[in-house]
Amino acid sequence: MTTSGKEDIKTDDKFIIDFEAFEKSELSINFLIIEKFFDLSERKTLMSLSTKELLAKVKDIDKDLEEKSEDHLLKKFVLPGTSLIEAVFRILILNENKGMTINQMEEKLKIAWATVIYLKSYTNETISEMLVSENEYFIKKQD
């Protein structure tokens, strides 16, 4: 999965989802993206798309809404009941799996979880500890 053990993380270190690790594990990143971001009625037609095409489709969700905030997808998919690792996974998908620093992730979490800020622990240290441990979403430090 990702790196194990304690590791120093610099503030400019970026993290991504390791799509190759998903492939090697025989798990489907495409299935996971489809399951977490699309309605049941759309899922069958999306299975033939590449991961890159799916990431583009995620960006297009709700594109036809007239009144939407810049972070409307973030607020739609990173709900207060979402676990921290799941929230980071969704944030990375919404960012098209472009590398993000822990500070960038923390800012997105503040926006998504503004209503439950006092109930959640998503400090820089908490996110760091989570990301240097093995995780089911194969999130790792970008090389």
Apply side chain to side chain contact (heavy atoms under 4.5 Å, CB included) to [X] and list each qualifying residue two or more places apart in sequence or on a separate chain.
X	answer
Glu107	Lys110
Leu49	Leu46, Glu53, Leu54, Lys57
Lys63	Asp60, Lys68

Sequence neighbours excluded, which residues qualify as side chain to side chain donor-acceptor pair (under 3.5 Å) partners of [X]?
X	result
Ser28	none
Glu23	none
Lys59	none
Asn103	Asn124

With [X] via salt bridge (Lys or Arg N to Asp or Glu O under 4.0 Å) - residues at least two apart:
X	answer
Asp39	none
Asp12	none
Lys75	none

In residues 87-97, what donor-acceptor pairs under 3.5 Å come from side-chain atoms, sequence neighbours left out?
from	atom 1	to	atom 2	distance (Å)
Arg90	NE	Glu86	OE2	2.7
Arg90	NH1	Phe77	O	2.8
Arg90	NH2	Glu86	OE2	2.8
Asn95	ND2	Lys98	O	3.0
Asn97	OD1	Ile17	N	2.7
Asn97	ND2	Ile17	O	3.0

ring-ring contact (aromatic ring centres under 6.0 Å, His included): which pairs involve residues 42-73, sequence neighbours left out?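 As it turns out, there is no ring-ring contact (aromatic ring centres under 6.0 Å, His included) pair with a partner in residues 42-73 once direct neighbours are skipped.
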